[in-house]
Engineer: 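First, the structure itself, so that you have it in front of you.
Treat the numbers as computed from the prediction; the structure is a model and nothing was measured. A note on names: the letters A, B, ... follow the listed sequences, proteins ahead of strands, and every chain is numbered from 1.
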Amino acid sequence: MRVHDTYSGKLVELPPPPGPVGIYWCGPTVYRRIHVGNALAVTVLPLWLKRWLEHRGYETKVVVNITDINDKIYDAAPGHSAELASDATRWYIEDTDRLGLGRPDVEPTAAETVPEQIALIEQLLAGGFAYEVEGDVYYRVASFPEYGRLSRQRLDAMEEQEPNPLKEDPRDFALWKANKPGEDTWWESPWGKGRPGWHIECSAMSEKYLGTSFEIHGGGLDLKFPHHENEIAQSRALGHGFARIWMHNGMLSMRGTEMHKSIGNDVSLADALDRWGRETLLFFFLTGHWRKPLDYSEETLEQARAQLEGFRNVFRSPSEPVGDWSELEAALDDDFNTPEALAVMHGWRDHELLRRAFGIFGLGSIAEVEEAPAELAALAEARMAARGSKDFAEADRLRGEIEAAGWEVRDVAEAPGYRLVRRS
RNA sequence: GGCGCCUUGGCCGAGUGGUUAGGCACAGGUCUGCAAAACCUGGUACACCGGUUCGACUCCGGUAGGCGCCUCCA
């Protein structure tokens, strides 16, 4: 198994099974219901990866954090941010549970990891990688020569948007922020009341659950800079190996523009699930390669639905021993190429093989062919009899009755000569 | 302005220095009382301009268009 690593820009081989493979994936900031793009980046990809690696014999541990301390939360709920974070965490769990992919092994929150974050900040201060100013603590970017390597940013080309006179260097970033009026949550620290900056939480949580060196760190491409760059600066300054491989997924877009809350073109995961159902939505994610942008639209979802219907028809027909599992493994072992995997699966007719393949993606349910109610089967039998006596008017009337009940009757060669299929 | 990515037939979407990707849709056909499903057939597509090469969609350079990031967006 090999995957593309942003840091080196190359395909990197994973160690042979059983690993173990520690995976840290950047999770959501909880201040409202997550949207479809979030779902892909924080839930679907890490859990699919986990499922595939485990199929391949790896021991995995997937950590997906929950960011419950953030400016957005304070802004969204002045005076009661803790309640909002708590509510939004619950929504997040509810919505992503509907995807039916299971849950990460650990889902730590930033708030519960504050002591570990403070400890890391103290180490950075002791090492000269950070400095305190008026209750804030900043990371000294100039102290870390590797800064900018992940995102291939030139330090001297970076610009500061809002000059902060407290910083030694405009590129420095906050590790700890002194409590400000209106911020209703805070923690005691050696630097007074305040709360951690954004980036330090991921260094703390990943190292707490995966150790100071682990295999994979993932997240949306938009997090590459500054978030992941800063995580590297924090952890590696302390001599920690940190993540060996960096996976950055492409963004979900709508008509070519990134789906984003602030643009207002986002569709909530809950709404998408209501509109398309979990199977079509998950299948849609399968149609694109994880590193490329994926366009969420009526047309692309409809194509996913039609393609999935084709696979359902395979399960409705007799199984044939056509299919080669090793071709699927080759596709997915090569940078988790799901479009290629689907192309392979399109040639298969072996129910058991297909069921296993879909099962990895949480889509084993499509193999379950729904049995028609007895009264509809009786109508279908009556129609067969009418056809037998060439009473086609009656046969068509019975077909209409079956269709009115939401089912479709198809004539087939094998017994009993017809097949009832729920219309989708 | 800086950094990076992308541009494949109506649509989605892999991939490779020379061999049919695959799917969706569409058209014709087989089957069927009809229909649906299934199966068969039907498109030499790789933004543009140069270069390297025996040969480029695939490598290099440039142009155009699109996208992402450039201090708290997954």
Side-chain angles (χ1 to χ4, degrees), chain A residues 6 9 25-29 34-46 64 67 69-72 138-139 141 148 151-154 156-162 164 167 170-174 177 197-199 201 218-227 229-230 248-253 256-263 266 284 287-289 291-295 297 299-314 316-317 331 334 337-347 387 390-393 395-396 399 403 408-413 418-419 421 423:
Chain A
T6 311
W25 211 277
C26 277
T29 298
I34 65 164
H35 65 242
V36 190
N38 295 320
L40 173 61
V42 310
T43 299
V44 175
L45 285 174
V64 180
T67 297
I69 306 171
N70 189 287
D71 285 349
K72 286 181 183 297
Y138 294 98
Y139 186 95
V141 167
S151 55
R152 293 170 173 75
Q153 294 278 328
R154 288 171 44 117
D156 54 19
M158 295 179 191
E159 298 166 17
E160 170 74 352
Q161 291 188 335
E162 292 176 47
N164 179 342
K167 294 181 181 178
R171 299 163 310 196
D172 292 347
F173 59 91
K177 295 179 174 184
W198 177 36
H199 317 295
E201 67 176 63
L221 192 55
D222 55 335
L223 295 180
K224 185 168 65 173
F225 188 92
H227 186 51
E229 194 74 69
N230 292 350
H248 288 106
N249 65 272
M251 308 305 283
L252 193 72
S253 62
T257 302
E258 176 187 328
M259 182 180 287
H260 190 75
K261 289 163 184 168
S262 64
I263 299 172
D266 59 310
F284 163 67
T287 63
H289 186 102
R291 280 199 285 126
K292 288 200 171 182
L294 184 62
D295 202 57
S297 70
E299 192 174 17
T300 53
L301 266 294
E302 179 53 39
Q303 286 187 16
R305 196 203 58 72
Q307 204 172 326
L308 185 56
E309 185 63 15
F311 279 111
R312 282 203 173 87
N313 282 330
V314 175
R316 289 168 180 141
S317 306
D334 186 12
N337 191 335
T338 55
E340 179 66 28
L342 283 182
V344 167
M345 289 161 67
H346 269 293
R387 289 181 67 214
K390 305 249 187 258
D391 185 355
F392 298 122
D396 289 347
R399 176 165 59 200
E403 287 176 354
E408 175 185 325
V409 61
R410 296 176 183 169
D411 297 339
V412 297
Y418 64 88
R419 179 179 300 141
V421 174
R423 302 168 87 188

Engineer: Can you name the residues that form a salt bridge (Lys or Arg N to Asp or Glu O under 4.0 Å) with Arg419(A), not counting sequence neighbours?
Structural biologist: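 Salt bridge (Lys or Arg N to Asp or Glu O under 4.0 Å) check on Arg419(A) returns Glu414(A).
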Engineer: Counting the atoms with a prime plus P, OP1 and OP2 as sugar-phosphate, which does Arg399(A) contact under 4.0 Å by heavy atoms, base, sugar-phosphate, or nothing?
Structural biologist: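 Here Arg399(A) touches the bases of the nucleic acid.
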Engineer: Taking the minimum atom-to-atom distance to the side chain of Arg410(A), which one of A37(B), C12(B), A74(B) wins?
Structural biologist: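 Given the options A37(B), C12(B), A74(B), the side chain of Arg410(A) is closest to A37(B).
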Engineer: What does His199(A) touch in the nucleic acid at a heavy-atom separation under 4.0 angstrom: a base, only the sugar-phosphate, or nothing?
Structural biologist: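 Touches nothing.
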Engineer: Contact class for Val409(A) vs. all strands (heavy atom < 4.0 Å): base, sugar-phosphate, or nothing?
Structural biologist: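 It contacts base atoms.
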Engineer: Please identify each residue that fulfils salt bridge (Lys or Arg N to Asp or Glu O under 4.0 Å) with Glu299(A), with sequence neighbours left out.
Structural biologist: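 Glu299(A) satisfies salt bridge (Lys or Arg N to Asp or Glu O under 4.0 Å) with no residue once adjacent residues are dropped.
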Engineer: Scan Ser317(A) against the nucleic acid and name what it touches under 4.0 Å (heavy atoms): base, sugar-phosphate only, or nothing.
Structural biologist: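 Here Ser317(A) touches no strand at all.
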Engineer: Kindly point out which of A74(B), C34(B), G15(B) is positioned nearest to the side chain of Asn337(A)?
Structural biologist: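 Nearest to the side chain of Asn337(A) among the choices is G15(B).
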Engineer: Identify, with sequence neighbours excluded, every residue that meets salt bridge (Lys or Arg N to Asp or Glu O under 4.0 Å) alongside Glu403(A).
Structural biologist: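 With neighbours one apart ignored, the set is empty.
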Engineer: Look at all strands and tell whether Arg419(A) reaches a base, only sugar-phosphate, or nothing, counting heavy atoms closer than 4.0 Å.
Structural biologist: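 No contact.
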Engineer: His227(A): which residues meet the ring pair (Phe, Tyr, Trp, His ring centres under 6.0 Å) condition with it, sequence neighbours left out?
Structural biologist: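 Trp198(A), His199(A).
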Engineer: Let's see if you can work this out: which of U71(B), A74(B), A14(B) has an atom nearest to the side-chain heavy atoms of Phe173(A)?
Structural biologist: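 Nearest nucleotide to the side chain: U71(B).
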Engineer: Could you tell me whether Asn313(A) contacts a base, only the sugar-phosphate backbone, or nothing, with contacts defined as non-hydrogen atoms closer than 4.0 Å?
Structural biologist: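 Sugar-phosphate, no base atom in range.
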Engineer: Categorize Lys390(A) for me: base, sugar-phosphate, or nothing, with a 4.0 angstrom heavy-atom threshold over every strand shown.
Structural biologist: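 It contacts nothing in the nucleic acid.
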Engineer: Between the protein and nucleotides 21-24 of chain B, which nitrogen or oxygen pairs come in under 3.5 angstrom?
Structural biologist:
{"from": "G23(B)", "atom 1": "O2'", "to": "Gln307(A)", "atom 2": "OE1", "distance (Å)": "2.8"}
{"from": "G23(B)", "atom 1": "O2'", "to": "Gln307(A)", "atom 2": "NE2", "distance (Å)": "3.2"}
{"from": "G23(B)", "atom 1": "N2", "to": "Gln303(A)", "atom 2": "OE1", "distance (Å)": "3.0"}

Engineer: When you get a sec, tell me which of G33(B), A37(B), C11(B) is the closest nucleotide to the side chain of Ala395(A)?
Structural biologist: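 Comparing G33(B), A37(B), C11(B) against the side chain of Ala395(A), the answer is G33(B).
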Engineer: Please convert RNA chain B into dot-bracket. A pair counts if it is Watson-Crick or G-U wobble with both distances under 3.5 Å; crossing pairs go in [ ] and bases paired with another strand get |.
Structural biologist: (((((((..(((.....[...))).(((((.......)))))....(((((..]....))))))))))))....
Engineer: Might you point out which heavy atoms bring Arg387(A) and Phe392(A) nearest each other, and give the distance in Å?
Structural biologist: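 Of all heavy-atom pairs spanning Arg387(A) and Phe392(A), the closest is O-CE2, 4.1 Å.
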